Amino acid sequence: MDIDGKHVELIRIHKALNEPVSSQKIDYIRSGSYTKKLHEFPVFRAHLWDKLRHAQFEDVCVKTDQRYEDIIRLLQVDAYFTLLKIPQPAEKDAIVHYLNEDGIIQKQDNGLYSITNLGAILFAKDLNEFARLGRKAMRVVQYKGINRLLIQKKEPFNQGYAICFENIVRYVNALLPSSEDVNAVQLSTTSKFPLPSVREAIANSLIHQDLYITGAAPVVEIFDNRIEVTNPGTPLVDVLRIIDNPPKSRNEKLASLMRRLKMCEELGRGWDRMVLACEAQYLPAPRIEVFQDSTKVTLFSEMEFSNIPMEDKLWSCYLHACLMYIQGDALTNKSLRDRFGIPETSSSSSSRLIKEAIGKNLIKVLDPNTAPRYMKYIPIWA
């Protein structure tokens, strides 16, 4: 602008977030009124990185200096009150109070507001409006056949997780193959995949992802014979203790608010429900694969016992032993037959599987003095 005949230009430089200010790969820090190289102040550097390491992703502000009208434009505020079953106040100050208390926004000293990562990733009308969060939108991809050669459908869900979660689950369910029982009095349709397992796998990928990993987002891939749900980050618990381990959340505030929104429970029984749902349909247990910076959970459709790969048979046997143990029982030849739908005449198949699981140090005999016919087995860690 021009002031008293003088042309004035004002440049505002925003503060650095999550990392120091750097130029040409050299980090800098302020020392009094001077800019110094960070490596010249090792104590400062240690304190800085310690603070950054302990900063919660949900608390970081993704947009600052926003007016109330900007908050309403960018966030689905009415969905916040609807999902929490709270009457939406008519007054602006009351609405701001709720959002501020839940960490959706933060009040600034200048009378404006900041939108946090937590608020944006849950209630954004469009995640692309927020720096770096656009890549966190979940994608659903359906392939033709059992490989990734041909894509039939793909759909990004660019809204915040709280807004689009149910839409994602319904969209995935609509794409899944199903069969109709025409002999029943009332027509019924059964999905080839256990729907509770599908919902839990999607919820887990959103809640337990590592939000600090850039350039990656949760994705659901649908094939004719399986569903693969992948998210950035690796599990915080040992995969072999995925059933009985107490709940542990990487994103505590995200998980807490999603629990209040009825999207998860934070009870640590998500995997229990997934495995039980698969057992009810005689399907292989969900396979979990851990990579360098991501986790993939695979759900399988109906498969004959003889066609199930040995690795998945052993994993299913192990998880069945875990479920039986935490229920106060133990795996038996009969329970394993019932789990896979194996007829009694083929009990030798389950016996061989039990023997193989013992050899792989997955299960062990509960009481070696029991007669072989009544032998019971428990997880190796029990």
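If you're wondering where the values come from, they're calculated on a predicted model, not measured in any experiment.
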| query | Does the side chain of Tyr318 reach to within under 4.5 Å of the side chain of Leu314, using non-hydrogen atoms? | reply | no
| query | Salt bridge check: are Arg260 and Asp102 linked by an N-O gap of less than 4.0 Å? | reply | yes
| request: Following the transitive rule for hydrophobic clusters with a side-chain heavy-atom cut-off under 4.5 Å over Ile, Leu, Val, Met, Phe, Trp and Tyr, establish whether Val297 and Leu283 coincide in one cluster. | output: no
| Hphob cluster co-occupancy, Tyr282 + Leu176, side-chain heavy atoms under 4.5 angstrom | no
| remark: To the nearest 0.5 Å, atom CG of Leu99 lies from atom OG1 of Thr116 at 9.5 Å
| query | Can you hop from Met138 to Tyr212 via hydrophobic side chains spaced under 4.5 Å? | reply | yes
| Under a 4.0 Å N-O cut-off, is there an ion pair linking Lys313 with Glu356? | no
| said: Counting C-beta onward and ignoring hydrogens, is there a side-chain heavy-atom pair between Tyr377 and Leu336 closer than 4.5 Å? | reply: no
| task | Go through the side-chain N and O atoms of Asn110 and Asp65 and say whether any donor and acceptor fall under 3.5 Å apart. | result | yes
| task | To the nearest 0.5 Å, tell me how far Phe300 CZ sits from Asp312 CG. | result | 4.5 Å
| message | Tell me whether Asp4 contacts the main-chain N or O of Lys6 through its side chain, where contact means a donor paired with an acceptor under 3.5 Å. | response | no
| field | Pairwise distance CG(Leu319) to CG(Leu331) - rounded to 0.5 angstrom | value | 11.5 Å
| Inter-residue atom distance Ile163.CD1 - Tyr161.OH, 0.5 Å rounding | 12.5 Å
| said: Which label fits Tyr143 and Phe223: parallel for a plane angle under 30°, tilted from 30 to 60°, or perpendicular past 60°? | reply: parallel
| query | Taking it one step at a time, do Gln66 and Leu112 satisfy side-chain contact (heavy atoms from CB on, under 4.5 Å)? | reply | CA-CA 6 Å; Gln66 302 295 299; Leu112 299 177; 6.0 Å; no
| request: Using a strict cut-off of less than 4.0 Å between a Lys/Arg side-chain nitrogen and an Asp/Glu carboxylate oxygen, indicate whether Glu166 and Arg199 qualify as a salt bridge. | output: yes
| field | Test item: His208 and Pro235 side chains (from C-beta on) under 4.5 Å apart, heavy atoms | value | no
| Quick one: does Tyr325's side chain get under 4.5 Å of Ile243's, heavy atoms only? | no
| request: State, yes or no, whether a side-chain contact exists between Ile380 and Leu240 at a heavy-atom distance under 4.5 Å. | output: no
| request: Could you tell me whether a side-chain N or O of Ser256 sits under 3.5 Å from a main-chain N or O of Glu252, the two making a donor and an acceptor? | output: no
| Quick one: does Glu58's side chain have a donor or acceptor within less than 3.5 Å of a partner on Leu254's backbone? | yes
| request: Step through the shown structure and confirm whether more than 12 heavy atoms of other residues, nucleotides or ligands are within 6.0 Å of OH on Tyr374. | output: no
| request: Would you name the heavy atoms of Pro177 and Asp224 that are closest together and state the gap between them? | output: CG-O, 4.4 Å
| request: Indicate yes or no for a side-chain donor-acceptor contact from Arg135 to the backbone of Gly215 under 3.5 Å, with no hydrogens or angles considered. | output: yes
| Is there side-chain contact between Val229 and Pro218, with at least one heavy-atom pair below 4.5 Å? | no
| field | Arg287 side chain to Lys296 backbone, donor-acceptor under 3.5 Å | value | no
| Under 6.0 Å from the NZ atom of Lys376, do we count more than 12 heavy atoms belonging to anything else shown? | no
| message | Taking the basic N atoms (NZ, or NE/NH1/NH2) and the acidic carboxylate oxygens, is any pair closer than 4.0 Å for Arg226 and Glu228? | response | yes
| field | CD1 on Ile104 to CG on Leu118, rounded to 0.5 Å | value | 4.5 Å
| Any sub-3.5 Å donor-acceptor pair from Ser301's side-chain atoms to Asn225's backbone N or O? | yes
| task | Using only heavy-atom distances, determine whether the side chains of Gln327 and Asp329 contain a donor-acceptor pair under 3.5 Å. | result | no
| Considering all heavy atoms, the nearest Trp315-Pro286 contact | NE1-O, 2.7 Å
| Pairwise side-chain contact, Asn204 with Met274, heavy-atom cut-off 4.5 Å (strictly under) | yes
| Just checking, any donor-acceptor pair under 3.5 angstrom between side chains of Asn173 and Arg170? | no
| request: Could you tell me whether the side chain of Asp338 and the main chain of Ser335 form a donor-acceptor pair under 3.5 Å? | output: no
| message | Does any part of the side chain of Thr230, heavy atoms only, come nearer than 4.5 Å to the side chain of Ser205, both counted from C-beta? | response | no
| query | What heavy-atom pair brings Gly134 and Asn128 nearest, and what distance separates the two atoms? | reply | CA-OD1, 3.5 Å
| request: First locate atom CG of Leu299, then atom OG of Ser197, and finally report the distance between them rounded to the nearest 0.5 Å. | output: 5.5 Å
| query | Taking all atoms of both residues into account, what is the closest heavy-atom pair of Cys317 and Ile363, and its distance? | reply | SG-CD1, 4.3 Å
| said: If hydrophobic clusters are built by linking Ile, Leu, Val, Met, Phe, Trp and Tyr wherever their side-chain heavy atoms come under 4.5 Å apart, do Leu127 and Val141 end up in the same one? | reply: no
| task | Determine yes or no for a side-chain-to-main-chain donor-acceptor pair under 3.5 angstrom, with Lys136 supplying the side chain and Leu211 the backbone. | result | yes
| said: Can you give me the closest heavy-atom contact between Arg339 and Ala285, atom names plus distance? | reply: NH2-N, 3.4 Å
| field | Hydrophobic cluster membership, Ile213 vs Leu206, 4.5 Å side-chain cutoff | value | no
| Closest approach of Asn251 and Ile207, non-hydrogen atoms and distance? | ND2-O, 2.8 Å
| task | Please report the C-alpha distance between Tyr80 and Ile95 in whole Å, then the side-chain angles of each, then the deciding distance to 0.1 Å, and finally whether the side-chain contact (heavy atoms from CB on, under 4.5 Å) criterion is met. | result | CA-CA 10 Å; Tyr80 167 82; Ile95 292 175; over 6 Å; no
